[in-house]
Amino acid sequence: MGYDLVIFDNDGVLVDSEPVANTILAGYLTELGHPTSYEDSIRDYMGAAVHRVHDLVLERTGQRLPADFDETLHARTFAAFERELTPVPGVVDVLRALAAQSAPYCLASSGSHARIRVGHRAAGLTRWFGEEVIFSAQDVGRGKPAPDLFLHAARTMGVDPARCAVVEDSPLGVRAAVAAGMDVYAFTGMMPVERLTGATAHFADMKELPGLLELPG
């Protein structure tokens, strides 16, 4: 393989959660008096930790979200995940190819550890990710687009950032990976290429990823 470590984003890269999660988020914000469309949610919050929602609402309206906002949002999102979540098409084949080559990989997500685990159980991905290779924005002081989460993952896995490949699908994630000094492969399943500037390469189908990572066929 061309890299010593592959770092996957989770939402939208491993689990097909972005449509579900952003529908829930847009609906809840609208319910609270902050009209938000699904498209608004994708544009403003995709790839971000939940603190970004608080920050942007406060910045735009001068109002704080309710104290139980995170708890309610997570409960609604987790319930929807249990009903609807599936893996991103083709990603299991990518994980299988990495495992066949004993190629190190991990995930670094803006989501909480609980969200990651709920999603993996619902999508059938638990077997591919032990606790030792799961990294969350909860583990660092700043989430994406800061590089902290990716650097934390690389440091814990014992790999030079320059030898890491990141698989991302959001502008915030791409910016974080670039800031960390890592190559980043941008999946365009949800976001147009022009919003994912700075990536090493773009791909629209998970079947393309093993070739980009120089995995044997």
Side-chain angles (χ1 to χ4, degrees), residues 1 3-18 20-21 45-52 70-71 73-75 77-82 85-88 90-161 163-170 172-174 176-177 179-180 182-187 189 206 209 213 215:
M1 186 174 67
Y3 297 94
D4 295 337
L5 178 66
V6 179
I7 305 176
F8 290 94
D9 177 42
N10 187 54
D11 293 290
V13 169
L14 296 173
V15 293
D16 196 14
S17 54
E18 293 293 7
V20 178
Y45 304 121
M46 182 171 158
V50 71
H51 67 76
R52 179 176 172 85
D70 292 11
E71 181 182 353
L73 177 65
H74 290 154
T77 302
F78 293 176
F81 280 2
E82 295 284 5
L85 205 59
T86 59
V88 168
V91 79
V92 171
D93 291 333
V94 175
L95 296 172
R96 190 175 290 116
L98 287 166
Q101 299 299 319
S102 298
Y105 66 88
C106 66
L107 77 83
S109 172
S110 292
S112 66
H113 282 282
R115 175 184 170 123
I116 295 165
R117 275 307 181 203
V118 168
H120 283 202
R121 284 197 302 271
L125 294 181
T126 301
R127 60 170 292 204
W128 297 102
F129 292 92
E131 294 294 340
E132 72 280 1
V133 298
I134 294 178
F135 303 97
S136 162
Q138 286 182 307
D139 304 331
V140 295
R142 298 182 300 167
K144 305 169 188 178
D148 304 35
L149 177 56
F150 288 133
L151 293 172
H152 170 64
R155 183 168 56 250
T156 304
M157 298 292 288
V159 177
D160 185 334
R163 296 293 303 155
C164 295
V166 174
V167 185
E168 264 288 354
D169 72 328
S170 75
L172 294 176
V174 171
M182 301 175 178
D183 285 353
V184 53
Y185 295 91
F187 178 47
M206 281 293 167
L209 186 56
L213 297 177
L215 282 170

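This is a predicted model, so every value here is computed, not measured.
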Is the shortest heavy-atom distance from the side chain of V15 to the side chain of V91 under 4.5 Å?
-> no
Contacts of A80 that satisfy side-chain contact (heavy atoms from CB on, under 4.5 Å) - sequence neighbours left out = V20, I24, R83, E84
With sequence neighbours excluded, tell me which residues meet side-chain contact (heavy atoms from CB on, under 4.5 Å) with P145.
-> L172, R175
Among all residues two or more places apart in sequence or in another chain, which pass the salt bridge (Lys or Arg N to Asp or Glu O under 4.0 Å) test with D169?
-> none
List in chain and number order the residues that pass ring-ring contact (aromatic ring centres under 6.0 Å, His included) with F129, two or more places apart in sequence or in another chain; answer none if no residue qualifies.
-> Y105, H120
So the side-chain hydrogen bond (donor to acceptor under 3.5 Å, both in side chains) pairs with at least one residue in residues 133-147 (sequence neighbours excluded) are D9-K144, H113-D139, R142-D148, K144-E168
Evaluate the side-chain contact (heavy atoms from CB on, under 4.5 Å) criterion for residues F150 and V184: first the C-alpha distance (whole Å), next the side-chain angles of each, then the deciding distance (0.1 Å), finally the verdict.
-> CA-CA 11 Å; F150 288 133; V184 53; over 6 Å; no
List in chain and number order the residues that pass ring-ring contact (aromatic ring centres under 6.0 Å, His included) with F135, two or more places apart in sequence or in another chain; answer none if no residue qualifies.
-> H152
Partners of Y45 by ring-ring contact (aromatic ring centres under 6.0 Å, His included), sequence neighbours excluded?
-> none
All side chain to side chain donor-acceptor pair (under 3.5 Å) counterparts of S17, not counting sequence neighbours | D11
For residues 118-135, pull every pair meeting salt bridge (charged side-chain N to carboxylate O under 4.0 Å, His left out), keeping only residues two or more places apart or in separate chains.
-> R117-E131
What residues, two or more places apart in sequence or in another chain, satisfy side-chain contact (heavy atoms from CB on, under 4.5 Å) together with A186?
-> V174, L196, A199, H202
According to the salt bridge (charged side-chain N to carboxylate O under 4.0 Å, His left out) rule, which pairs have a member within residues 93-111, sequence neighbours left out?
-> D93-R96
Sequence-distant partners of D160, salt bridge (Lys or Arg N to Asp or Glu O under 4.0 Å), two or more places apart | none
